[in-house]
Undergrad: 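For reference, the structure I am asking about is given below.
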Amino acid sequence: MKKIIATAVLVCAQIAAFSQGSNLKASLEGQTSITSSDHLPFWMRSNQYGSVPLSGPSVSVIGSLYKDYDTTSKRLVDWGAGFQGRANLGKSSKAILVEGYAKARLGIFELKGGRMKEAFGLTDTLLTTGNFAISGNALGIPKVQISIPEFYAVPVFGNFFAFKGMFAQGWLGEKTIQDKRVDHATTYFHQKTVYIRLGKPNWRFKFFGGFTDQVFWGQEAEIFESFILTGWEKYQSVVLGKSWAFSKVGNHAGNIDVRLEYDFDKIRLSAYRQSFYEVGALYHLANIADGINGVSVQNLSSTNDQVFRWRKLVFELLYTKNQAGEAWSKPTPTGDENYLNHYLYKDGWSYYGAGLGTPFVTAAKDARPGQASNSKNYFINNRVSAVHLGMDFSIGRWDILSKISYSKNYGIHRTSSEFIPVKQLSTYLDIKTQLSDKWQIGAVAAFDSGKLLNSSAGATLRLIRSLN
């Protein structure tokens, strides 16, 4: 406990000392949370980068310091860095590096390394249920990446075509291996993304499309007695998704996205679709029924003198029930997907105990006791049908963000005879207001009702001080 407090004090002192400068942003935040049943409600813990206390009353201190690129000049070379640390005091005490990175820019290219708060896909960034593969639900995996982080418009055809992308190498540490020659293996993380935009900057209509691909891999020769690929052949298989012994090398997870946008005079209407892939069913269109379908309506009006002002509405349908495993599904060489679980890695597509992908895929530790469980499946519920509504608006001086999600949950295909289908309702309300230029106050409330998760209600009070 004393070490946690000392760390928080030291972080705060450093933030205060270095927070002067036009490109620097620094803040200090205090939170206190309480729950009704010793379980934090779904939307208070989901897509929070694995940093919130999960049970009981708690107090947290969060310090942030960011130095961004200089936007006032057209420098060819620039640098930036970011830090966010959190100290949680409650049933257990813990200091967490939520974010810590350094970055450098050369023209349109960026080199960045460390732990980052990221999500990947073309769903709405603020109000979505969460992207399939990387949703911001867990701590960021430490990595080094080279990227074109912003859309670069090719200077032909009136900037009609633009693209961005990223290639990264990360480190997961030791991962538990099941039913093989070794119990643990040093595991690496590969990631790449490519996104395009079609439409001139001044056009009302634009099309976006792209994909993100992630892989856990490492020490295959130690795990599999018959593994014969050289180091370079193995890495090629990881990056290109090639198969060895009728299976991909590593644990792959990704999503393919399309998005359409149209700007009316006062609103921006967007429609998007995200499809999922792991072992190969999407290649055969066998799991094409699964995905996220969403509509976003954004207010482009700058009017600020109204008592009620809405900024954005998002409606999503999440469906993951098919997985190429239904009796009528198109047969594939790899069988059903069993989303985010894996035959090799015992804790599946997770990092430090939290799922990396959509939070609607439920780990055994998060479900009510008594639901069907299989020791070889970290996630006991990945067949979900959900409707979700999110809204960002203001009333007077108060900014308000709300979410409501209703889901039907069917377990996994391998335990469909044991898992009892259940319904779940989760709601969330976040309000905040500026007390002055330096001070902001806010509160969060949420509750869960249903048979998948433990019924619970919770609230958090927040006080934020800008140090700039």
Side-chain angles (χ1 to χ4, degrees), residues 108-110 118-136 145-168 190-215 239-241 248 252-264 267-298 300 312-320 322 324 337 339 356-358 388 390:
I108 65 171
F109 298 99
E110 179 182 81
E118 296 177 311
F120 292 90
L122 294 177
T123 61
D124 183 80
T125 56
L126 181 65
L127 300 171
T128 182
T129 55
N131 295 289
F132 173 71
I134 304 291
S135 72
Q145 65 187 38
I146 185 168
S147 69
I148 300 175
E150 305 296 335
F151 278 110
Y152 171 70
V154 178
V156 294
F157 308 115
N159 295 328
F160 171 78
F161 176 80
F163 68 93
K164 66 177 182 178
M166 176 266 288
F167 191 93
H190 165 73
Q191 185 178 41
K192 58 182 173 291
T193 68
V194 176
Y195 291 99
I196 64 169
R197 184 190 72 207
L198 302 180
K200 296 181 180 181
N202 62 335
W203 282 9
R204 289 179 179 265
F205 174 78
K206 296 181 181 68
F207 169 85
F208 300 82
F211 74 92
T212 176
D213 177 56
Q214 290 77 207
V215 190
V239 174
L240 300 177
K248 289 184 178 180
H252 293 245
N255 38 268
I256 298 175
D257 295 72
V258 294
R259 183 182 180 102
L260 306 176
E261 284 187 0
Y262 189 87
D263 287 351
F264 294 90
I267 66 169
R268 173 174 295 153
L269 179 63
S270 304
Y272 51 85
R273 159 76 184 187
Q274 183 174 102
S275 298
F276 316 143
Y277 70 85
E278 283 198 10
V279 299
L282 188 61
Y283 177 81
H284 301 277
L285 301 181
N287 69 329
I288 194 63
D290 295 337
I292 300 173
N293 298 289
V295 176
S296 169
V297 186
Q298 182 179 352
L300 300 179
K312 186 179 289 187
L313 294 169
V314 169
F315 177 75
E316 285 187 352
L317 296 173
L318 169 67
Y319 189 80
T320 68
N322 184 283
E337 295 282 288
Y339 292 146
L356 286 159
T358 172
H388 171 79

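Fair warning: this is a prediction, and the values are worked out from it, not measured in the lab. Each residue takes its place number in the sequence, starting with 1.
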Undergrad: Check residues 278-287 and write down every donor-acceptor pair under 3.5 Å in which the side-chain atom is one partner and the other belongs to a residue at least two apart or another chain.
TA:
from	atom 1	to	atom 2	distance (Å)
Glu278	OE2	Leu340	N	2.5
Asn287	OD1	Leu282	N	3.1
Asn287	ND2	Phe276	O	3.2
Asn287	ND2	Tyr339	OH	2.8

Undergrad: Calculate, to the nearest 0.5 Å, the distance between atoms OG1 and CG belonging to Thr129 and Asp124 respectively.
TA: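 Here the rounded value is 10.0 Å.
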
Undergrad: Kindly determine whether Val194 and Phe163 satisfy side-chain contact (heavy atoms from CB on, under 4.5 Å), including the steps that lead there.
TA: CA-CA 7 Å; Val194 176; Phe163 68 93; 5.8 Å; no

Undergrad: Under a 4.0 Å threshold between the charged nitrogen and the carboxylate oxygen, would Asp263 count as salt-bridged to Arg204?
TA: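 Looking at Arg204 and Asp263, the cut-off is not met.
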
Undergrad: For a 4.5 angstrom cut-off between non-hydrogen side-chain atoms, does Tyr272 reach Leu260?
TA: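 Result no, sub-4.5 Å side-chain heavy-atom pair not found.
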
Undergrad: On a heavy-atom basis, which atom in Ala133 and which in Gln214 lie closest, and how many Å separate them?
TA: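 Distance-wise, the nearest heavy atoms are CB-NE2, 3.4 Å.
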
Undergrad: Evaluate the side-chain proximity of Ile292 to Asn131: yes if any heavy-atom separation is below 4.5 Å, no if none is.
TA: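 No - every pair of side-chain heavy atoms lies 4.5 Å or more apart.
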
Undergrad: Once rounded to the nearest 0.5 Å, what's the spacing between atom OG of Ser296 and atom CG of Leu127?
TA: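 It comes to 7.5 Å.
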
Undergrad: In sequence, state the C-alpha distance, the side-chain angles, and the governing distance for Phe211 and Asn255, and then conclude on side-chain contact (heavy atoms from CB on, under 4.5 Å).
TA: CA-CA 6 Å; Phe211 74 92; Asn255 38 268; over 6 Å; no

Undergrad: Step through the shown structure and confirm whether more than 12 heavy atoms of other residues, nucleotides or ligands are within 6.0 Å of CZ on Phe205.
TA: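 Enclosed: over 12 neighbouring heavy atoms sit under 6.0 Å from CZ of Phe205.
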
Undergrad: Side chains of Val239 and Phe167: does their closest heavy-atom pair fall under 4.5 Å?
TA: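 SC-SC contact between Val239 and Phe167 confirmed.
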
Undergrad: Please name all residues satisfying side-chain hydrogen bond (donor to acceptor under 3.5 Å, both in side chains) with Asp213, sequence neighbours left out, ordered by chain then number.
TA: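 Once residues adjacent in sequence are excluded, the partners of Asp213 under the side-chain hydrogen bond (donor to acceptor under 3.5 Å, both in side chains) criterion are Lys192, Tyr277.
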
Undergrad: Could you work out, with salt bridge (charged side-chain N to carboxylate O under 4.0 Å, His left out) as the rule, every residue matching Arg197, not counting sequence neighbours?
TA: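 Residues passing salt bridge (charged side-chain N to carboxylate O under 4.0 Å, His left out) with Arg197: none at all.
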
Undergrad: With Phe157, which residues qualify under side chain to side chain contact (heavy atoms under 4.5 Å, CB included), at least two apart?
TA: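 For Phe157 the side chain to side chain contact (heavy atoms under 4.5 Å, CB included) partners, ignoring immediate neighbours, are Phe160.
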
Undergrad: Any donor and acceptor pair, going by atom type alone, linking the side chain of Glu316 with main-chain N or O of Gly294 inside 3.5 Å?
TA: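 Not at all, since once roles are kept as given, no pair shorter than 3.5 Å links the two residues.
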
Undergrad: Rounded to the nearest 0.5 Å, how far does CH2 of Trp203 lie from CD of Glu261?
TA: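 Rounded to the nearest 0.5 Å, the CD-CH2 separation comes to 14.5 Å.
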
Undergrad: Not counting sequence neighbours, which residues clear salt bridge (charged side-chain N to carboxylate O under 4.0 Å, His left out) with Glu110? List them please.
TA: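 Per chain and number, Glu110 pairs via salt bridge (charged side-chain N to carboxylate O under 4.0 Å, His left out) with no residue.
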
Undergrad: Going by ring pair (Phe, Tyr, Trp, His ring centres under 6.0 Å), name the residues that satisfy it together with Tyr262, two or more places apart in sequence or in a different chain.
TA: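 Partners of Tyr262 under the ring pair (Phe, Tyr, Trp, His ring centres under 6.0 Å) test: Phe264.
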
Undergrad: Give, for atom CZ of Phe120 and atom CE of Met166, the distance between the pair rounded to the nearest 0.5 Å.
TA: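 Spacing of CZ (Phe120) from CE (Met166) equals 3.5 Å.
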
Undergrad: Checking Val258 now: which residues fulfil side chain to side chain contact (heavy atoms under 4.5 Å, CB included) with it, not counting sequence neighbours?
TA: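 Applying side chain to side chain contact (heavy atoms under 4.5 Å, CB included) to Val258 gives Phe207, Arg273.
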
Undergrad: State, to 0.1 Å, how close Gln274 and Thr123 come at their nearest heavy-atom pair, and which atoms those are.
TA: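 Here Gln274 and Thr123 meet closest at NE2-CG2, 3.7 Å.
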
Undergrad: Is any side-chain heavy atom of Ile196 less than 4.5 Å from a side-chain heavy atom of Phe161?
TA: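 With C-beta onward as the side chain, the pair touches.
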
Undergrad: Just distance, no hydrogens or angles: give the donor-acceptor pairs under 3.5 Å from side chains in residues 147-154, sequence neighbours left out.
TA:
none

Undergrad: Once rounded to the nearest 0.5 Å, what's the spacing between atom CD of Glu337 and atom CG of Asp290?
TA: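 Reported to 0.5 Å precision, the distance equals 8.5 Å.
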
Undergrad: Quick one: salt bridge (charged side-chain N to carboxylate O under 4.0 Å, His left out) partners of Lys164, sequence neighbours excluded?
TA: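 Applying salt bridge (charged side-chain N to carboxylate O under 4.0 Å, His left out) to Lys164 gives none.
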
Undergrad: Can you list everything that forms a side-chain hydrogen bond (donor to acceptor under 3.5 Å, both in side chains) with His252? Sequence neighbours excluded, please.
TA: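 Expected list: none.
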
Undergrad: In Å, rounded to the nearest 0.5 Å, how long is the span from CZ of Phe132 to OG1 of Thr320?
TA: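 With rounding to 0.5 Å, CZ (Phe132) is 8.5 Å from OG1 (Thr320).
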
Undergrad: Would you name the heavy atoms of Arg259 and Leu122 that are closest together and state the gap between them?
TA: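 Closest heavy-atom pair between Arg259 and Leu122: NH1-O, 2.8 Å.
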
Undergrad: Taking only residues two or more places apart in sequence, or in another chain, which ones meet Thr193 in a side-chain hydrogen bond (donor to acceptor under 3.5 Å, both in side chains)?
TA: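 Scan of Thr193 (side-chain hydrogen bond (donor to acceptor under 3.5 Å, both in side chains), adjacent residues dropped) gives none.
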
Undergrad: State which residues pass side-chain hydrogen bond (donor to acceptor under 3.5 Å, both in side chains) with Ser135; sequence neighbours excluded, sorted by chain then number.
TA: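 For Ser135 the side-chain hydrogen bond (donor to acceptor under 3.5 Å, both in side chains) partners, ignoring immediate neighbours, are Asn47.
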
